[in-house]
2 protein chains.
Amino acid sequence: MDNMLEQKKQRSKYRLQRQSLPEALSESLRERILSGEFKEGDPLIQEAIAAEYECSRMPVREAFRQLEAAGLIVSKIHKGAIVSTLPSEQIMELFELRATLECDILSRSLEHLSDEDLAHSAQILKRLEVAYHTRDIARVGTLNWEFHRSLYRPAGRIQTLAILQGINVQIDRYIRIQLLLTSGFEEAEREHRQILSMCKDRDRQVVEFMRGHIIRAGHNLLEALNKRRVSDPAA
Amino acid sequence: MDNMLEQKKQRSKYRLQRQSLPEALSESLRERILSGEFKEGDPLIQEAIAAEYECSRMPVREAFRQLEAAGLIVSKIHKGAIVSTLPSEQIMELFELRATLECDILSRSLEHLSDEDLAHSAQILKRLEVAYHTRDIARVGTLNWEFHRSLYRPAGRIQTLAILQGINVQIDRYIRIQLLLTSGFEEAEREHRQILSMCKDRDRQVVEFMRGHIIRAGHNLLEALNKRRVSDPAA
DNA sequence: TGCGATCCAACTGGATCCAATCTACATGAC
DNA sequence: GTCATGTAGATTGGATCCAGTTGGATCGCA
């Protein structure tokens with residue numbers, strides 16, 4: 001999150017984004033769910049969270065509503081909230097959705113991609129590789145999406161990006177689990193470099209290559225995940 | 001919403017779905033926004049809403065969080081919430097997203113479409129036509145999406161349907177405005193019948209026909225909307 | 001009259017309090 | 001001993017209360 005400044009560069013120069021407590025809370029809680037601190041099925045007790053952040057239960061409740069809308073938790077009336085669980089088929093469906101939407105947006109983006117955009121992407125890719133080789137899992141998850149997004153932004157498709165962002169939040173935690181379990185990211189790393197290179201050439205075949213990249217990542221993830229889910233019957 | 005029972009038929013037979021006040025509130029408020037009672041840019045004052053529903057401001061605040069997550073309102077800290085506004089390009093983008101996702105899911109659905117599914121769709125279409133000819137705008141909006149969804153459900157793509165549902169909520173209010181302004185729905189009505197007929201024949205060309213149907217609807221909507229937006233500079 | 005500082009009303013944000021509901025354990029009847 | 005019922009503790013849902021912010025109105029001054 002230390003690259004906020006770069007991201008906001010097109011906005012007003014001196015804009016300080018204040019956020020309400022519920023927003024800050026939901027951001028922090030989201031990160032803790034993605035990091036695996038709160039696992040699938042874990043109950044989230046309002047009072048405990050409130051105590052941790054030294055605030056009342058009220059902002060916690062509003063944060064829960066946001067997390068629920070993002071699909072990270074499910075809450076039943078008078079029974080509290082638990083971290084949501086996604087069946088394998090739905091995880092794969094999310095990867096297929098990504099494939100569909102990212103191919104579409106990448107195709108549109110190619111026509112507007114400037115050299116500065118590509119330089120920016122290259123920079124993110126470099127940081128992503130550093131994060132991967134220092135085993136900084138959280139940063140790998142963040143930067144992986146950051147890299148993809150940097151390629152799509154020139155398309156100017158705000159709604160598509162928003163949906164993709166939401167999908168990414170949903171699957172990020174599983175990607176992190178995969179990274180913790182296996183080291184099957186080298187393939188993705190090679191592919192990322194090839195994607196960037198093809199984008200530099202404005203080679204339209206990159207669109208179909210991206211589709212394969214995403215679907216392969218999904219399959220790899222599911223394979224690792226299913227191994228874990230049968231051995232650990234927490235699901 | 002009177003077909004709830006049908007939809008839940010595969011669940012436990014006697015399940016009563018209680019909902020919390022915030023949920024009920026956000027549902028009601030969403031409907032009021034979609035119906036145009038609250039227009040783009042209108043401020044939503046917590047206290048006023050709470051008074052209307054004879055409850056405290058607390059459940060209203062939680063409902064606002066949900067509506068914000070759905071993209072129907074935007075709230076600034078210490079300045080309250082207003083009904084969100086979508087620029088024309090983003091409305092068209094949402095229609096293009098619909099085209100992409102609905103073609104994909106329809107294609108998958110075709111392989112599982114049973115005769116019962118088709119009978120159900122036909123029934124909805126009939127109700128949709130009744131609603132249109134009795135000028136029941138709210139029902140037209142609801143049933144239009146209901147018809148589309150009934151064709152996609154057999155695909156079993158939960159996440160895709162959830163995203164499409166979200167998109168539909170976003171554009172429903174503009175569809176209703178269009179229905180109020182013009183009567184350009186006859187074309188869509190003809191197309192609906194043709195879509196259903198092609199589905200009955202399991203004709204795969206229905207996928208591309210659906211794409212045209214959605215894109216045409218988007219263009220018609222934007223045309224009507226732009227006329228209104230230049231004459232009424234509320235945006 | 002025009003500009004600016006100050007004050008006030010309206011509203012939102014957050015804390016605390018009370019009520020409703022669920023869970024688990026204990027008690028008692030058969 | 002087992003099953004049903006009752007009850008207490010925990011937890012959430014909703015109301016009320018207080019503090020902080022905003023925006024506009026008012027007043028003062030040049």
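A salt bridge (Lys or Arg N to Asp or Glu O under 4.0 Å) check over residues 47-59 of chain A, counting only residues at least two apart or in different chains, returns the pairs A/R32-A/E52. Pairs of residues two or more places apart, or lying in two chains, never qualify as ring pair (Phe, Tyr, Trp, His ring centres under 6.0 Å) while including a residue from residues 21-74 of chain B. Each ring pair (Phe, Tyr, Trp, His ring centres under 6.0 Å) pair with one or both residues in residues 139-170 of chain A, not counting sequence neighbours, appears once here: A/F147-A/H192, A/H148-A/H192, A/H148-A/H213.
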Next on the checklist: Return a single string for nucleotides 7-18 of chain D, one symbol per nucleotide in 5' to 3' order, where B is base contact, S is sugar-phosphate-only contact and - is none, cutoff 4.0 angstrom on heavy atoms.
Outcome noted: -----BBBBBB-
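Every residue two or more places apart in sequence or in another chain was checked for a side chain to side chain donor-acceptor pair (under 3.5 Å) with B/D42, and none qualifies. Legend: residues meeting salt bridge (Lys or Arg N to Asp or Glu O under 4.0 Å) with B/R173, ordered by chain and number and at least two apart, are absent.
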